[in-house]
Amino acid sequence: QVQLVESGGGLVQAGGSLRLSCAASGRIFNSYVMAWFRQAPGKEREFVAALNWSGGSTYYTDSVKGRFTISRDNAKNTLYLQMNSLKPEDTAVYYCAAGRFMVVTIKLYTYWGQGTQVTVSS
């Protein structure tokens, strides 16, 4: 079992930055692929970014490439998402997830956090 708790969300103006954190506890954190997803009001949850157990391999959805950076600190059991040049369309609840495969498919991620709200004003 892995427990995930996100933090760092908030209200920011367009063009601003936020860093989300996801603290993990339970089973061995560094054996899992970690990912960020987001869900905007009235929309389905979508993949944002993922990285492998070492952090050496990353994958981003096209809309955040060059603006968001996913990283992890296995010593601290923490996953991060640095978000720069934020846009109003980035407004969503952001979730961290843990799974065995670096994929965009929601159902293949086993563990989920409760989410943190990110709101970007224009």
Side-chain angles (χ1 to χ4, degrees):
Q1 191 80 3
V2 175
Q3 293 80 40
L4 304 173
V5 179
E6 301 95 336
S7 62
L11 174 64
V12 64
Q13 289 188 331
S17 298
L18 281 175
R19 189 176 81 156
L20 305 183
S21 299
C22 173
S25 61
R27 295 183 65 183
I28 302 174
F29 170 74
N30 61 8
S31 66
Y32 286 90
V33 168
M34 299 298 298
W36 289 97
F37 288 78
R38 65 186 179 186
Q39 187 166 17
K43 295 187 177 181
E44 294 186 350
R45 193 170 299 189
E46 64 174 2
F47 172 84
V48 175
L51 81 172
N52 68 343
W53 68 272
S54 69
S57 179
T58 58
Y59 183 70
Y60 297 90
T61 192
D62 286 346
S63 62
V64 307
K65 284 180 181 177
R67 300 189 299 122
F68 290 11
T69 302
I70 188 172
S71 62
R72 67 193 296 166
D73 185 335
N74 287 339
K76 296 182 178 179
N77 281 4
T78 303
L79 174 73
Y80 303 100
L81 185 67
Q82 178 66 44
M83 304 185 296
N84 299 328
S85 302
L86 282 161
K87 304 175 181 179
E89 52 263 44
D90 295 318
T91 295
V93 177
Y94 283 71
Y95 299 89
C96 66
R100 290 300 187 183
F101 307 101
M102 197 161 74
V103 294
V104 303
T105 308
I106 293 172
K107 65 181 181 181
L108 292 182
Y109 287 86
T110 307
Y111 303 106
W112 291 83
Q114 83 291 346
T116 185
Q117 176 70 47
V118 172
T119 303
V120 184
S121 63
S122 57

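This chain uses plain numbering: 1 for the first residue, then up along the sequence.
- Considering every non-hydrogen atom in both Ser122 and Ala14, the closest pair reads CA-CB, 4.4 Å.
- In this structure, the side chains of Leu79 and Glu6 stay at 4.5 Å or more apart for every pair of heavy atoms.
- For the residue pair Gly8 and Leu18, the shortest heavy atom distance occurs at O-CD2, 3.9 Å.
- By the 4.0 Å N-to-carboxylate-O rule, Lys87 lies too far from Asp90 to be salt-bridged with it.
- Separating the CD atom in Gln39 from the CD atom in Gln117 is a distance of 10.5 Å, to the nearest 0.5 Å.
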- [ ] Take Tyr59 and Phe47 through the test ring-ring contact (aromatic ring centres under 6.0 Å, His included) and record every step on the way to the result.
- [x] CA-CA 10 Å; Tyr59 183 70; Phe47 172 84; 5.7 Å; yes

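- Between the side chains of Gln13 and Ser121, no donor N or O sits under 3.5 Å from an acceptor N or O.
- At a threshold of 4.5 Å between non-hydrogen side-chain atoms, the residues Val48 and Phe68 count as touching.
- Remark: Tyr80 OH to Ser71 OG distance equals 7.0 Å, nearest 0.5 Å.
- Aromatic rings of Phe101 and Tyr109 (six-membered ring for Trp) have centroids beyond the 6.0 Å cut-off, not under it.
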- [ ] Please report the C-alpha distance between Val104 and Thr61 in whole Å, then the side-chain angles of each, then the deciding distance to 0.1 Å, and finally whether the side chain to side chain contact (heavy atoms under 4.5 Å, CB included) criterion is met.
- [x] CA-CA 9 Å; Val104 303; Thr61 192; over 6 Å; no

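- Side-chain contact, Thr78 with Asp73: no donor N or O sits under 3.5 Å from an acceptor N or O.
- Between the OH atom in Tyr94 and the CH2 atom in Trp36 there is a gap of 10.0 Å [rounded to 0.5 Å].
- Both Val93 and Ile106 are members of a single hydrophobic cluster when ILVMFWY side chains are connected at heavy-atom separations under 4.5 Å.
- Met83 places none of its side-chain heavy atoms less than 4.5 Å from the side chain of Ser17.
- For the side chain to side chain contact (heavy atoms under 4.5 Å, CB included) test with Met102, the passing option among Thr58, Leu108, Val33 is Val33; the others fail.
- Enclosure of atom CH2 in Trp112 by more than 12 non-hydrogen atoms of other residues, nucleotides or ligands within 6.0 angstrom is indicated.
- A donor-acceptor contact shorter than 3.5 Å links the side chain of Tyr60 to the backbone of Ile70.
- For the pair Leu20/Val118, a side-chain contact is recorded, criterion being any heavy-atom separation below 4.5 Å from C-beta on.
- Distance alone, capped at 3.5 Å, is enough to place a donor-acceptor pair between the Arg72 side chain and the Asn52 backbone.
- Without hydrogens or angle criteria, Thr105 side chain to Lys107 main chain gives no donor-acceptor distance under 3.5 Å.
- In this structure a side-chain-to-backbone donor-acceptor pair under 3.5 Å is present from Thr116 to Gly9.
- Between Leu4 and Met34 the shortest side-chain heavy-atom distance falls below 4.5 Å.
- No donor-acceptor pair under 3.5 Å is formed between the side chain of Glu46 and the backbone N or O of Arg38.
- To the nearest 0.5 Å, the span separating CD on Glu89 from OG1 on Thr91 amounts to 8.5 Å.
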TODO: Applying side chain to side chain contact (heavy atoms under 4.5 Å, CB included), run through Leu81 and Thr69 and close with a yes or a no.
DONE: CA-CA 6 Å; Leu81 185 67; Thr69 302; over 6 Å; no

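- Within 6.0 Å of atom NZ in Lys43, 12 or fewer heavy atoms from other residues, nucleotides or ligands are found, so the atom counts as exposed in its surroundings.
- For the atom pair SG of Cys22 and OH of Tyr95, the computed distance is 13.0 Å after rounding to the nearest 0.5 Å.
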